[in-house]
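Counting from 1, the numbers follow the sequence of the chain as shown.
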Amino acid sequence: MKFSFVVKMHLFFLSVMALASLFFVTEGFAATIEGAKFNDLNNNGVMDAGEPVFANHNIFIRDDSGSFFPLVTDVNGRYSSAGHDAATFTVWSGIPDGWLQTTPGEGEGMITYTITLAQNETITINFGITLPIYVDGSFSGVGTGEPASPYKTITEAINNSGPNGIIRVGMGIYEGLLTIVKGLTLEGGWKRDKTAGTWHRDNPLDPRLTIITGGISIGNAPDTLIEGFVLQNGLIIKNSDGLEIANNIIMGTHPVHVENSNDVRIDRNEIFGTEKSSSFSVIKRTDKVRHKKDARDETKIEGRYGVSIVSSVARVSSNIINVEKRSSDPCCGILYDDSNGEVASNVIHTVNTVACGVDLRLDTGSNFSIDSNNVLLEGESLIGIWERGGNPPAVFRGNNIHGEGETLVFYRDENDQGGIIDTTDCADLRDKLLPDIPVQESNGCIDFMSEKGIPYSPCTGDFMPCAEYVGQPLRKPFLQRPVSRSTDTDGDGMPDRFEQVYFGDLSRNGSGDYDKDGLTDFDEFTAKTNPADEDTDDDGMPDGCEVDYELNPHLDDASEDPDGDGKSNIEECSSDPPTCPTCPVCPGDINGDGEITPQDAQCAFEKWANICPTSCGIPCDEVCADVNGDEKCTVRDTLCIFHKYFEKPCP
């Protein structure tokens with residue numbers, strides 16, 4: 001009896017201790033991860049009322065110790081994982097094929113999200129996914145617009161998309177003007193695998209695959225993205241903040257116009273202002289008295305611009321902008337009127353009787369920046385930067401202004417400092433321009449009519465020529481398209497403009513060497529060197545030597561010694577015959593053991609005889625065996641190593 005009582009008490013005590021232990025152990029394990037998975041119909045990353053949820057979808061959680069916690073959403077699309085200790089967790093959800101995740105994190109496939117939980121903390125993580133809408137003008141099936149079927153027109157897709165929807169447009173030509181009045185992501189260049197029913201897009205993106213003939217009008221549509229199209233009749237943006245226009249080819253009399261919009265980004269486009277008139281793309285403006293200090297009379301200006309920014313804040317960067325007009329009205333690459341923002345890393349080419357690169361009418365308190373642009377002007381009266389009232393830019397840095405005309409002003413200041421101030425001397429532009437610009441440095445300029453300058457080769461795109469600068473590389477590379485017959489009428493691979501500038505006619509066929517520098521005329525065009533000057537950068541080395549040995553024919557690098565042989569580039573290029581300035585001479589210690597031995601000679605011989613891999617255990621293409629400096633591996637190098645082993649000079 002007594003024994004039974006003791007046993008029962010002991011069991012009771014153990015039970016109490018177990019419960020207490022469980023209580024105290026789990027008290028600290030109160031962190032919880034919970035949330036829901038939903039169909040983000042408006043692509044805004046927020047679970048809005050009425051948006052459908054997904055039941056029986058997988059949710060995965062892993063802590064930093066490697067413990068794994070798989071879950072499945074319930075009928076309400078919700079999940080919850082409780083009882084975690086404070087730790088760092090990685091969470092993710094399965095994304096069905098063809099869908100995109102909008103939150104947390106955006107994209108396709110498995111997107112992980114990392115969080116850190118404290119003790120007793122509950123964190124809610126909702127997973128939003130959305131199904132893009134596709135457009136295929138060649139689609140011939142039924143059920144247009146159904147989940148497995150694309151729309152046939154972009155307008156249909158826009159009308160059936162919710163705010164912030166994603167529309168992916170297949171390759172083809174789409175006629176008519178598009179009107180966008182709600183935020184959308186509109187992507188061109190998509191291709192459909194009709195058999196598999198899948199979609200993909202090339203990388204890098206080629207905007208020439210998807211053409212919109214009538215242009216695009218965007219109004220009251222914030223957070224819109226337009227990417228990957230040819231817009232044959234321009235783009236107008238009004239009252240729409242947070243827009244991005246990227247990787248497009250945009251044409252028209254006045255290709256891009258932005259008005260009353262903030263946080264607009266125009267990046268990596270090719271923009272061509274054409275002569276062809278269009279009621280959609282022509283914009284006429286009246287220059288009104290906008291500033292208290294600006295006492296000019298109202299003057300009607302029918303200028304033509306590649307990009308115009310009016311009463312807006314916009315960044316225009318890394319674009320090729322070409323505008324051509326044949327009249328006395330001003331013609332400029334970019335206009336900023338009562339606006340703010342940044343113009344950076346653009347190529348701007350303007351051709352007209354009166355031509356300018358950037359036309360500025362900045363608002364009060366401007367912090368405007370002009371940074372690292374290349375401007376080329378052709379015509380009679382040329383102005384690189386035209387500051388026409390208001391405030392000066394806060395930053396003017398790293399720009400290059402080139403011109404070919406009767407009069408060339410690199411910078412014109414009309415902001416009420418006592419009259420018009422023209423900067424026509426390159427030295428002024430390079431050193432100190434105007435005292436009212438806080439940051440002004442590293443600018444350059446060339447007047448092609450008055451000084452030799454660095455030559456240039458016009459671009460030869462499929463749509464219209466643009467400026468390519470020799471010796472003034474862009475910060476971001478641009479795709480150079482093949483020469484077309486329209487700009488190379490004699491079919492020799494060199495644009496007519498290039499031949500006329502440097503040779504005076506089209507009589508040369510590219511195979512000759514006009515300046516006798518070791519490069520053919522065609523090779524000069526490819527290397528963007530001057531075919532009429534044997535030494536483009538005037539550093540004492542002919543262009544042929546620099547191009548052949550991968551030196552820079554647009555930079556004075558004569559004193560450099562890239563191969564470390566004690567001879568400068570100009571010494572090697574000037575020797576008879578020239579030696580390679582970029583080919584290092586090998587010391588002879590091929591196996592890298594710190595000594596020159598007969599084994600090194602054997603490895604050099606094996607390299608020459610193509611016995612691979614060598615007995616040194618080094619692949620043949622990694623064996624440094626040009627010991628005598630003749631720019632090739634021969635049996636003489638083997639003999640040279642033996643001489644070094646016996647402490648004798650190479651024969």
Side-chain angles (χ1 to χ4, degrees), residues 254-255 271-275 287 299 301-308 316 319-337 343 346-361 370 372-389 392-393 396 398-415 419-430 433-434 437 440 443-459 464-472 497-498 500-501:
H254 193 130
I271 300 170
F272 302 103
T274 65
E275 282 289 336
D287 198 19
T299 305
I301 298 178
E302 294 189 12
R304 193 165 291 176
Y305 303 93
V307 177
S308 59
V316 180
N319 303 281
I320 292 178
I321 301 172
N322 184 93
V323 186
E324 295 197 28
K325 187 180 179 183
R326 307 294 177 181
S327 74
S328 59
D329 294 329
C331 178
C332 303
I334 301 175
L335 164 70
Y336 270 75
D337 187 0
V343 175
N346 300 282
V347 169
I348 303 170
H349 180 206
T350 309
V351 181
N352 190 40
T353 304
V354 181
C356 76
V358 182
D359 185 351
L360 300 178
R361 304 140 192 228
I370 307 177
S372 303
N373 300 279
N374 284 321
V375 178
L376 174 64
L377 306 171
E378 296 181 75
E380 296 179 10
S381 178
L382 311 178
I383 305 172
I385 310 298
W386 195 350
E387 186 187 320
R388 292 212 255 180
F396 182 58
N399 302 281
N400 293 285
I401 302 172
H402 302 173
E404 186 176 19
E406 293 181 4
T407 62
L408 173 57
V409 175
F410 297 113
Y411 196 106
R412 171 165 289 176
D413 180 13
E414 295 183 14
N415 65 354
I420 297 175
I421 301 176
D422 285 347
T423 299
T424 58
D425 189 333
C426 278
D428 292 338
L429 188 67
R430 293 188 184 108
L433 180 62
L434 297 171
I437 300 179
Q440 187 264 317
N443 298 291
C445 52
I446 292 173
D447 184 346
F448 285 115
M449 295 193 69
S450 62
E451 50 183 290
K452 175 183 176 182
I454 301 174
Y456 72 95
S457 301
C459 288
M464 189 170 292
C466 60
E468 278 286 334
Y469 291 83
V470 173
Q472 307 292 345
R497 172 65 172 153
F498 176 84
Q500 290 166 347
V501 166

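For the residue pair Glu324 / His349, no side-chain donor-acceptor distance below 3.5 Å is found, with atom types taken as modelled.
With rounding to the nearest 0.5 Å, the separation of CG in Leu408 from CD in Glu378 is 12.0 Å. Interatomic distance, Leu377 CG to Ile383 CD1, rounded to the nearest 0.5 Å: 9.0 Å. With rounding to the nearest 0.5 angstrom, the CD atom of Glu414 is 9.0 Å from the CD atom of Glu387.
Remark: Thr353 engages Glu380 in a side chain to side chain contact (heavy atoms under 4.5 Å, CB included) (not counting sequence neighbours). With sequence neighbours left out, the side chain to side chain contact (heavy atoms under 4.5 Å, CB included) criterion links Ile370 to Leu360, Phe368, Asn373, Ile385, Pro393, Phe396, Asn399. In terms of the side chain to side chain contact (heavy atoms under 4.5 Å, CB included) criterion, residue partners of Thr407 (sequence neighbours excluded) are, by chain and number, Ser381.
A donor-acceptor distance shorter than 3.5 angstrom exists from the side chain of Asn443 to the backbone of Gly398, with no hydrogens or angles considered. For Thr350 (side chain) and Cys356 (main-chain N/O), a donor-acceptor pair under 3.5 Å exists by modelled atom type. No side-chain donor-acceptor contact under 3.5 Å links Asn352 to the backbone of Pro330.
What you find for Tyr305 and Pro255 is that their closest heavy atoms are O-CD, 3.2 Å. Closest approach of His254 to Ser308, counting heavy atoms only: NE2-OG, 2.8 Å. Residues Ile437 and Pro392 approach most closely at CG1-CB, 4.2 Å, considering heavy atoms. Across Ile348 and Val358, no two heavy atoms sit closer than the pair CD1-CG2, 3.9 Å.
A side-chain contact (heavy atoms from CB on, under 4.5 Å) with Val307 is found for one member of Asn319, Leu335, Val323, Ile321 and no other, namely Ile321.
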- Item | Check against side chain to side chain contact (heavy atoms under 4.5 Å, CB included), Asp359 and Arg388 | CA-CA 7 Å; Asp359 185 351; Arg388 292 212 255 180; 2.6 Å; yes
